[in-house]
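Here the structure comes first, spelled out in structure tokens, and everything after it is commentary.
Values reported hereafter were calculated over all heavy atoms of this structure, with side chains retained and with hydrogens, waters and symmetry mates removed.
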Amino acid sequence: MRLSEDFISELKYRSDISDIASSYMQLKRRGRNLVGLCPFHGEKTPSFNIYTENGSFYCFGCGAGGDVITFIMKIENLDYMEAVKFLAQRAGMDMPEETVDDSMSKLRTRVFEANREAARFYYSKLYSPEGSAALNYLHTRVLTDNTIRRFGLGYSPNSRFALTNHLKAKGFTDSELIAANLVFKARSGNGVVDRFVDRAMFPIIDLRGNVIGFGGRIMSDQKPKYLNTSDTIVFNKSQNLFSLNNAKNSGTRRLILCEGYMDVITLNQAGFTDAVATLGTALTTEQAMLMKRYCDEVVICYDADEAGQKATQRAIGILRNTGLVVRVLSIPDGKDPDEFIRKNGDKGTAAFKNILENSGNDVEYRLFKLKQNYDIKTTDGKFAYLSQAVKVLSSLDNRMEQDIYASKLSAEVEVEKNSILEQIKKSERAKYRNDRKNEFSKLSSKISGRDDKINPQHSKKPRATVAEQNLIAYLINNPDKLSFIEKKITPDDFVTDFNKSLFEYFSKRIKDSKEPLTTLSADFTADEVSAIVSIITKYSQVAATDTALLEYINTIKEENLKPTDTDIASSSKDEFDTFLKKLKEKHK
């Protein structure tokens, strides 16, 4: 059953978007609105706006937008019903008794339940005779039973049906288990089989304590060594971090970013509970933004091999772009955190703490790595090193920071500091030109509609699309004009299907005397809501007069009359002459 609009209206009234957003990010007042750095993408200049008059938000940088429900859906990775429940609990409101979840919410709930039951099953098997090899492996990695229990580690038996049979006996269906990615269809086409077989299992737990997926390490020589849950309706590997549920309660505003599960678990056992890891992928912007909610500083602690160093360089750029302070930890002898702590025995914790406290920032790390590539005793080596170092320093926003490193470089390579600073400015100008070029390219693509996934007809009919959007925005802001508009134009006059559906949707709500924007989050996807809010936001930048309204209508009708390339190619001379005649009459 659909939630009543009265309930949603009251929920929004009690859930002021300014208060809600302020608990996730810093906001500053700008006139009647609030602005801040967007929590959904990395940026240095605030482009995230909250419009207090209508309780909406919109980011001019990434295009995210919507109401308070949409905000919670995006930032907490929830579906619509879960976001409503989240806000209702926060506001002290009871969900309507007659309300039942839709099919997707029910399936999400069943996937959570299946994952939790699977984690219990794997844990029990770890301490059974068939799990002895996996338990021995974890013990040889110096993990205690207490640590194993705390992280819920387990073992998936060497059978294609062990978990399948167990979960089916618990009442789970094949479709639910496939949705959880715990099983997949058998090659024979008959039934399903376990996804994880003969592996040490690492449950992945979200910030609310739900088991959302698993990582599994093979106990044999088969490949792949590690297998992770694929993306599901409750799990997106690019938007989650292993052990963040523990790290957020560590009491610090620092996170140690590791490569793998064992590094994180070993560090936790050693007392470094602020360790997290990505989930089988390179660090993403979404993960960096998630980290920013719980820390001010990130210490990158990747492996010392070539792949680890490349990943470090990439992570530095992503983390810096979110405004986080970045440091890089270099472990002696190329060891990873897990191996380093184990090899140092009783002194492992103190030894790791020492290198952690003495780790340099990301700039020092990048300059150090660059220096290793050149022989600065030679003129050519010195010039090549300086050329690359200048590029690093030109990427820094803080002039004082640039000055400090320019001084260090000057002393290191015996080159005048002013010469280095001049090259930094030259590099900045080149970077500025390149950034402007990229921005222009993005703007051009946006105007042309090439990247419009919500309205795919935009790129072919850009003039009509803009006129339709302006008309829709005018209608939403002037619902009393609906009768006048309907005398001038009908939905069939619209050129693009998406905008036609919006015009019909908002017209019906206005006729039914309902507030146009109340149920957007329930009736449209998050991306569609963002597109609608974008249309409404842009309205404030265009004319809102009756004359402008008529121009929108005329443009739409004119564009509607235009034949497509296919129409022109297949039309007869008489049909083409008729089209030209209609256009001439339109302009009389």
Side-chain angles (χ1 to χ4, degrees), residues 1-36 38-40 48-59 64-102 104-105 208 293 472-480 482 502 505-537 539-540:
M1 179 181 292
R2 185 184 178 86
L3 291 167
S4 72
E5 293 197 25
D6 288 341
F7 175 81
I8 295 298
S9 294
E10 183 179 355
L11 178 67
K12 289 184 177 181
Y13 175 76
R14 293 195 189 186
S15 306
D16 183 87
I17 190 170
S18 301
D19 294 336
I20 299 290
S22 294
S23 65
Y24 293 93
M25 56 187 294
Q26 290 185 338
L27 293 165
K28 293 183 179 180
R29 184 162 293 281
R30 181 180 294 170
R32 291 176 295 180
N33 303 325
L34 297 171
V35 299
C38 181
F40 306 122
F48 183 90
N49 291 258
I50 288 181
Y51 302 97
T52 55
E53 289 187 344
N54 61 14
S56 68
F57 73 91
Y58 183 71
C59 175
D67 58 13
V68 66
I69 298 175
T70 315
F71 181 85
I72 290 299
M73 288 172 65
K74 288 184 69 65
I75 204 160
E76 290 288 348
N77 193 27
L78 302 175
D79 66 16
Y80 174 75
M81 194 62 70
E82 289 171 332
V84 170
K85 289 179 179 178
F86 179 98
L87 289 171
Q89 183 177 17
R90 184 182 185 279
M93 294 175 62
D94 294 325
M95 294 288 290
E97 292 183 5
E98 68 274 14
T99 298
V100 295
D101 290 348
D102 59 24
M104 186 58 69
S105 291
R208 290 174 294 280
R293 287 165 52 185
I472 291 167
Y474 186 100
L475 174 62
I476 293 171
N477 286 275
N478 302 275
D480 57 307
L482 176 60
L502 291 186
Y505 174 83
F506 290 119
S507 295
K508 185 178 186 306
R509 289 193 62 79
I510 292 169
K511 288 177 182 177
D512 294 340
S513 300
K514 295 178 178 179
E515 206 283 322
L517 305 178
T518 299
T519 58
L520 282 186
S521 298
D523 296 334
F524 297 92
T525 67
D527 289 339
E528 288 172 339
V529 171
S530 292
I532 295 169
V533 173
S534 173
I535 290 171
I536 299 169
T537 302
Y539 168 80
S540 62

Sub-3.5 Å donor-acceptor pair from the side chain of R32 to the main-chain atoms of Y51, do we have one? no
Apply side chain to side chain contact (heavy atoms under 4.5 Å, CB included) to N49 and T537, showing your working. CA-CA 10 Å; N49 291 258; T537 302; over 6 Å; no
Side-chain heavy-atom pair L3, M95 within 4.5 angstrom cut-off: yes
I need the K514 NZ to S9 OG distance, nearest 0.5 Å. 10.5 Å
Heavy-atom closest pair (R14 atom, A91 atom, distance to 0.1 Å) is NH1-O, 3.4 Å
Rounded to the nearest 0.5 angstrom, the CD1-CD distance for I510 and E515 is 9.5 Å
Give, for atom CD1 of I536 and atom CD1 of I476, the distance between the pair rounded to the nearest 0.5 Å. 4.0 Å
How about E5 and R509: do any of their side-chain heavy atoms sit closer than 4.5 Å? yes
Quick one: does K85's side chain get under 4.5 Å of L78's, heavy atoms only? no
Does the pair T70 and D67 meet the rule for a side-chain hydrogen bond (donor to acceptor under 3.5 Å, both in side chains), with working shown? CA-CA 5 Å; T70 315; D67 58 13; 2.8 Å; yes
Derivation of the side-chain hydrogen bond (donor to acceptor under 3.5 Å, both in side chains) call for S4 and D6: CA-CA 5 Å; S4 72; D6 288 341; 5.5 Å; no
Atom of A83, atom of M73 and distance for their closest heavy-atom approach: CB-CG, 3.5 Å
Please give me the minimum heavy-atom distance between D79 and S105, naming the atom from each residue. OD2-OG, 2.9 Å
Within a strict 4.5 Å, meaning less than it, do heavy atoms of the F57 and V68 side chains meet? no
Quick one: does any side-chain atom of R293 pair with a main-chain N or O of I75 as donor and acceptor, under 3.5 Å? yes
Does CD in Q89 sit with more than 12 non-hydrogen atoms of other residues, nucleotides or ligands closer than 6.0 Å? no
Are F71 and F40 an aromatic pair, judged by ring center distance below 6.0 Å? yes
Please check: side-chain N/O of K12 versus main-chain N/O of T518, any donor-acceptor pairing under 3.5 Å? yes
Which atoms form the tightest heavy-atom contact between S507 and L475, and what is the distance? OG-CD2, 3.8 Å
In this structure, CG of L482 is separated from NZ of K508 (nearest 0.5 Å) by 12.5 Å
Are more than 12 heavy atoms, taken from residues, nucleotides or ligands other than E76, located less than 6.0 Å from that residue's CD atom? yes
Within the 4.5 Å heavy-atom criterion, are I535 and L502 side-chain neighbours or not? yes
Any side-chain donor near an acceptor of the partner, D527 and S530, under 3.5 Å: no
Closest approach of S18 to L27 (non-hydrogen atoms, all atoms of both residues): O-CD1, 4.0 Å
Shortest non-hydrogen pair, Y58 vs S534, comes out as OH-OG, 3.1 Å
About how many Å separate SG of C59 and NZ of K74, when rounded to the nearest 0.5 Å? 9.5 Å
d(I50 CD1, N33 CG) to nearest 0.5 Å is 9.0 Å
Should the heavy atoms of other residues, nucleotides or ligands under 6.0 Å from CZ of R30 be counted, would the total exceed 12? no
Apply side chain to side chain contact (heavy atoms under 4.5 Å, CB included) to residues S56 and I17 and explain how you reach the verdict. CA-CA 7 Å; S56 68; I17 190 170; 5.8 Å; no
T519 (side chain) donor-acceptor with A522 (main chain) under 3.5 angstrom: no
Side-chain heavy atoms of F7 within contact of P96, under 4.5 Å: yes
For the residue pair Y24 and I72, establish whether any side-chain heavy-atom pair is separated by less than 4.5 Å. yes
Angle class for the Y505/F524 ring planes (parallel below 30°, perpendicular above 60°, tilted otherwise)? perpendicular
